[in-house]
**Student:** 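Have a look at this one before I ask anything.
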Amino acid sequence: MLRVQRAQQISGTVRVPGDKSISHRAVMFGALAEGTTTIEGFLPGADCLSTISCFRRMGIEIEQEGDKVVVHGKGWYGLQEPSQHLDVGNSGTTIRLMAGILATQPFHSVMEGDESIAKRPMRRVIGPLRQMGAKIDGRKDGEFTPLSIRGGNLAAISYQSPVASAQVKSAILLAGLQASGVTSVSEPQLSRDHTERMLEAFGVKLVRDGLTVSVEGGQTLKGRAIQVPGDISSAAFLIAAVMMVPGSSLVIENVGMNPSRTGILDVVKMMGGQIELLNERVVNEEPIADLKVTHSQLNGVEIGGEIIPRLIDEIPVIAAMATQANGRTIIRDAQELKVKETDRIATVVSELSKLGANITPTEDGMIIEGPTPLRGAVIDSLGDHRIGMAMAIAGLAAEGETFVENDEAILVSFPGFPEVLQSICR
Ligand code: S3P
């Protein structure tokens, strides 16, 4: 159980662990590439370790020590038919992107994960992959795990995705790399584009035109060195802590600034917070900066539309932050929250309410009235890393002590979270 006390002030200079989305992709693309891929700044969180273990089960040699990884790629068809099920743990990115990869492989494989994964929708990726010719099945006609896949002989499709999902887009593009013809995916709003950027870094040609990405089949990847920036989704917890504790300021170094991920910075600024970008640079096609974050009293804000995919994973902590802002915060168009690691509309509302927040769920988001004095309570992560961390951050602004049960979920994306908090709280 994680114990959090009210903070008097947040200050210092810190780094956050590597970006989860980029770490997954570096391992996957490295495994499919010809030659060696070295990864620095890898996130050794449970989700990305699940990706490593799946590729090891398909015969790929991967060395990992902390945030350093070496992947000995064997080319696209160097994967071996796994003799055991592939366990994706809690990781939606692993199962959905791997579905696209396994759809190209001329063998049989079965993927399954934990209780949360068993409830998450899979037909959004299975549907288009079946259209391309992959044989995929799962419970409820492929909606739920375990998924069994026999791939190979794919034909290109032009797919209009009903959701702005990088996992859906990536699965189809990966399958498209080995399909005959040109595969294209269009999405209703831009979702994170790490797949596009990293595929280009691995030597793939793709065409991006507004909300549509196209790839031609039959392309190969070349192994390379990848440096993973710090995860802005992890930095978001520390930014929120600064905004919730008066008198605070913090420098967070080496944070990924991909514009498809920076909605949190826009929202904090719209609410009246100060964030300065220092040392801006680009590494492996991904923009990076150091963030200087300074406390200000925030005002409520309305969030909806195209910004939602750019901050979808940050909504739990935005809700926590909004409890301390002046006035009403409305979050809408965020129905995707219902199909994350937990139903995050329900779990954010239930857990923040325990701390005394004035928060109401809606069909596609939530409404928070602030500022409300929070009081320490016993909170449950409910097995969701971002719920556990958002509540711990709220606890920094709560009177007394807050206890987060099932805090081991935090290891999914932010190993060392308690230690980082400890180091910046005065
Ligand atoms: C991710 C995409 C997003 C995000 C998830 C990671 C990725 O999910 O919520 O944490 O790495 O592609 P969706 O594609 O379902 O929106």
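Sequential numbering from 1 along the given sequence is applied to the chain's residues. Atoms within each ligand, like the ligands themselves, are counted from 1 in listed order.
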**Student:** Less than 4.0 Å between a side-chain N and a carboxylate O, is that true for D290 and R281?
**Tutor:** yes
**Student:** Between L97 and ligand 1, is there a nitrogen or oxygen pair with a distance under 3.5 Å?
**Tutor:** no
**Student:** Which residue owns the protein heavy atom closest to atom 6 (C) of ligand 1, what's the atom, and how far is it?
**Tutor:** T93 OG1, 3.5 Å
**Student:** State, without any angle test, whether T94 and T51 hold a side-chain donor-acceptor pair at a distance under 3.5 Å.
**Tutor:** yes
**Student:** For ligand 1, which atoms sit closer than 4.0 Å to a heavy atom of K340?
**Tutor:** 3 (C), 4 (C), 8 (O), 9 (O), 13 (P), 15 (O), 16 (O)
**Student:** Any salt bridge linking D266 with R310? Criterion: basic side-chain nitrogen under 4.0 Å from a carboxylate oxygen.
**Tutor:** yes
**Student:** Give a yes-or-no answer on whether the side chains of S413 and H385 include a donor-acceptor pair shorter than 3.5 Å.
**Tutor:** yes
**Student:** Grab the two heavy atoms, one from G89 and one from D87, that are nearest each other, plus how far apart they are.
**Tutor:** N-OD1, 2.9 Å
**Student:** Going by the closest heavy atom to atom 13 (P) of ligand 1, which one wins out of S165, S260, P309?
**Tutor:** S165
**Student:** Under 4.0 Å, heavy-atom basis, I'd like to know which part of R192 is in contact with ligand 1: side chain, backbone, both or neither.
**Tutor:** side chain
**Student:** Nearest heavy atom to atom 1 (C) of ligand 1: which of E314, Q167, H24 does it belong to?
**Tutor:** Q167
**Student:** Hey, which atoms in ligand 1 end up nearer than 4.0 Å to a heavy atom of D313?
**Tutor:** 4 (C), 5 (C), 9 (O), 10 (O)
**Student:** How close does the nearest protein non-hydrogen atom get to atom 12 (O) of ligand 1, and which residue and atom is it?
**Tutor:** R25 NH2, 2.6 Å
**Student:** By the definition side-chain contact (heavy atoms from CB on, under 4.5 Å), identify the one residue from L221, N284, I226 that meets it with M198.
**Tutor:** I226
**Student:** Classify the side-chain pair S109/E81 by whether it contains a donor and acceptor separated by less than 3.5 Å.
**Tutor:** no
**Student:** Nearest to atom 11 (O) of ligand 1, what protein heavy atom do you find, and at what distance?
**Tutor:** S21 OG, 2.7 Å
